[in-house]
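Below is one structure; the comments refer to it alone.
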Amino acid sequence: MAGAGSATNRQKLRSLGGQLTAAVELYKDGRITFSPMLGFVHSRATTDAFAESGPGANLAVNALAQESSRPVAGFGATYLASSVLAFDLTAAFEHEYASSVGSATATFAGAASALPMTTVRGIDDRQTTIFGLGASFQMDPRTTLRLGAEVCGNRELSRDHRYNASVNVRF
């Protein structure tokens, strides 16, 4: 039988990030191009604090913030299907430096005091492999619309899916 409980608010996640990537054509043969690439990704995510109470335990979780910086190195292959449409395949490696700070406190029914559980991590290193597919549409000589999908894996995520939409402008 489920017990009745309540939550004081919903936990909201906010994330903001940016990526800068550069690639150079190493080999080109007709419609196929092979390019090594280097890049840098930075993101920040925050969650709101929340509290839950019920017959077995009370839980309070403070706000959590996480920063992540990831240098990226990889290789891409592009097939030019027409003068304005291209398809690409990428394989890359990211090395992530992440930091997160947050805490949680639980009070169990009948306990004399709260049991604090604090999560404070400094730098967390992890390597991620990435495989991606994409399509690009050249809107004009300087502007390209790109849609893509990536499958990523590391020791914490067996399969992380990323979906990308971007507008690339050449300067």
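Heads up: numbering here begins at 1 and tracks the sequence. Remember, it's a predicted structure, so these values are computed and weren't measured experimentally.
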Would you call R44 and L16 a side-chain contact if the rule is heavy atoms closer than 4.5 Å?
-> no

First locate atom CZ of F137, then atom OG1 of T143, and finally report the distance between them rounded to the nearest 0.5 Å.
-> 11.5 Å

CZ of F87 to CG of L133: how many Å apart, nearest 0.5 Å?
-> 10.5 Å

Give me the one residue out of N168, N164, D88 that meets side-chain hydrogen bond (donor to acceptor under 3.5 Å, both in side chains) with R146.
-> D88

With sequence neighbours excluded, tell me which residues meet side-chain hydrogen bond (donor to acceptor under 3.5 Å, both in side chains) with Q127.
-> H95

If two hydrophobic side chains count as joined below 4.5 Å and joins carry through other members, does V169 share a cluster with V84?
-> yes

Here the gap from F34 atom CZ to K28 atom NZ, rounded to the nearest 0.5 Å, amounts to 12.5 Å

Closest heavy-atom contact between P36 and L26?
-> CD-CB, 3.6 Å

Quick one: NE2 on H161 to SG on C152, what's the gap to the nearest 0.5 Å?
-> 9.0 Å

Measuring from Y97:OH to E67:CD, what's the distance to the nearest 0.5 Å?
-> 15.5 Å

With sequence neighbours excluded, what pairs up with Q138 under the side-chain hydrogen bond (donor to acceptor under 3.5 Å, both in side chains) test?
-> none

Please list all pairs passing the side-chain hydrogen bond (donor to acceptor under 3.5 Å, both in side chains) test where one or both residues lie in residues 14-24, with sequence neighbours left out.
-> R14-D48, Q19-T21

Shortest non-hydrogen contact from R31 to S82?
-> NH1-N, 3.8 Å

Short side-chain donor-acceptor distance under 3.5 Å, R70 and S68 | yes

Evaluate the side-chain proximity of V72 to V41: yes if any heavy-atom separation is below 4.5 Å, no if none is.
-> yes

What is the distance from atom NE2 of H42 to atom OG of S69, rounded to the nearest 0.5 Å?
-> 4.5 Å

Kindly work out whether a path of hydrophobic side-chain contacts (I/L/V/M/F/W/Y, heavy atoms less than 4.5 Å apart) joins V24 to F75.
-> no

Would you call T78 and I32 a side-chain contact if the rule is heavy atoms closer than 4.5 Å?
-> no

If you look at every heavy atom in L38 and A73, which pair is closest and at what distance?
-> CD2-CB, 3.9 Å

